[in-house]
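See structure below.
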There are 2 protein chains.
Amino acid sequence: MVQFHDAHADTAFAALADATRRGVLERLGRSDASITDLAQSFGMTLTGMKKHVAVLEQAGLVATEKVGRVRTCRLGASRLEAEAAWIERYRALWAARFEALDAVLADLKQNNSSNGGHHD
Amino acid sequence: MVQFHDAHADTAFAALADATRRGVLERLGRSDASITDLAQSFGMTLTGMKKHVAVLEQAGLVATEKVGRVRTCRLGASRLEAEAAWIERYRALWAARFEALDAVLADLKQNNSSNGGHHD
DNA sequence: ATGAAACTGAACCATATGGTTCACTATAAG
DNA sequence: CTTATAGTGAACCATATGGTTCAGTTTCAT
């Protein structure tokens, strides 16, 4: 029962798992924008876009502030650092596994001509 | 209408957006495992685990091979390279935005008074 | 040949997701 | 004061997701 539940990774990756939301991040990378701006850019209703923004905000990827009647969205203070760190950690796992595989392959190549060596 | 639809990013991030699936990746980082192994480790039915593995396989994060009656799962050939690249690209966007913010703040500090504090 | 083990597939269930419309509030602008 | 603009919230809808059970199928061991 390993289980290790990381709620932040859940919400962050879920937020990134949608093309519209990734598009919003890219858009906000160019300049801040209102909900209306975003809704229009991505051809959807205000309400729909507001939900996407809420998801991104929940994940800490976007920050918003309402002044007057317009809510302005910008990239969140939490840069993608946590997510990048997560991915890097797993890339290390991959590397380790594939190094092991490489070792096995090298070994096979060595014993190849001599006898019928068998591994794992 | 920016839209830019990247189907691979969709499936990859969606695959990562689940704690059980991330746990499976970690588990496979230690050693290959059968569906039964994984199901037991995570306290769920064979069928349930098989679905998770299917999702990971679809995303290219896991590869499986069935020999005899047991299907062995290992980390996929697609290391998290695409995902890491994606994230790095966006971290660049973040950096650009925050550099702009820094410039604004620096400007403010200039015009403020001769004695300045600090930011960030 | 019998039976257990490992997987597979279909059907089902509850909840989440991505989107809509409609009614409403709050702020600008005339 | 009146009206248009920007956003909000509730209700709804279709589909996807994460899980289950149950009924196979194949393979391995007796």
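Values in this document were obtained by computation on a predicted structure and should not be read as measured data. Naming convention: chains lettered A, B, ... in sequence-line order (proteins, then strands); numbering from 1 in each chain.
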**OP:** Looking only at non-hydrogen atoms, find the nearest pair between A/Ala59 and A/Ala12 and report the distance.
**Re:** CB-CA, 4.0 Å
**OP:** Measure the distance from CG on A/Asp37 to C1' on D/dT5 and round it to the nearest whole Å.
**Re:** 13 Å
Subject >> Within residues 66-77 of chain B: residues closer than 4.0 Å to DNA chain C (heavy atoms) >> reply: B/Lys66, B/Arg69, B/Val70, B/Arg71
Subject >> Contacts of A/Arg91 that satisfy salt bridge (Lys or Arg N to Asp or Glu O under 4.0 Å) - sequence neighbours left out >> reply: A/Glu88
Subject >> Option passing side chain to side chain contact (heavy atoms under 4.5 Å, CB included) with B/Leu61 (candidates B/Leu16, B/Val53, B/Val55) >> reply: B/Leu16
**OP:** Assess the pair A/Trp86 and A/Tyr90: is the distance between their ring centroids shorter than 6.0 Å?
**Re:** yes
Heteroatom pairs (N/O) under 3.5 angstrom, protein to nucleotides 18-21 of chain D:
| residue | atom | partner | partner atom | Å |
| --- | --- | --- | --- | --- |
| D/dG18 | OP1 | B/Arg21 | NH2 | 3.2 |
| D/dG18 | OP2 | B/Arg21 | NH1 | 2.8 |
| D/dG19 | OP2 | B/His52 | NE2 | 2.1 |
| D/dG19 | N7 | B/Lys51 | NZ | 2.9 |
| D/dG19 | O6 | B/Lys51 | NZ | 2.3 |
| D/dT20 | OP2 | B/Thr45 | N | 3.2 |
| D/dT20 | OP2 | B/Thr45 | OG1 | 2.6 |
| D/dT21 | O4 | B/Thr47 | OG1 | 3.4 |

**OP:** Give the rounded distance in Å between these two atoms: CD of B/Gln58 and P of D/dA16.
**Re:** 14 Å
Original post:
What distance do B/Lys50 atom NZ and B/Arg71 atom CZ have between them, rounded to the nearest 0.5 Å?
Top reply: 6.5 Å
Original post:
Would you say the side chains of B/Glu57 and B/His52 form a donor-acceptor pair under 3.5 Å?
Top reply: no
Original post:
Which atom names give the shortest non-hydrogen contact between B/Cys73 and B/Ile35, and what distance separates them?
Top reply: SG-CD1, 4.0 Å
**OP:** Could you walk me through whether A/Leu93 and B/Leu25 pass side-chain contact (heavy atoms from CB on, under 4.5 Å), step by step?
**Re:** CA-CA 9 Å; A/Leu93 278 185; B/Leu25 289 185; 5.9 Å; no
Subject >> Atom-to-atom span, CD of A/Glu65 to P of D/dT8 - whole angstrom >> reply: 13 Å
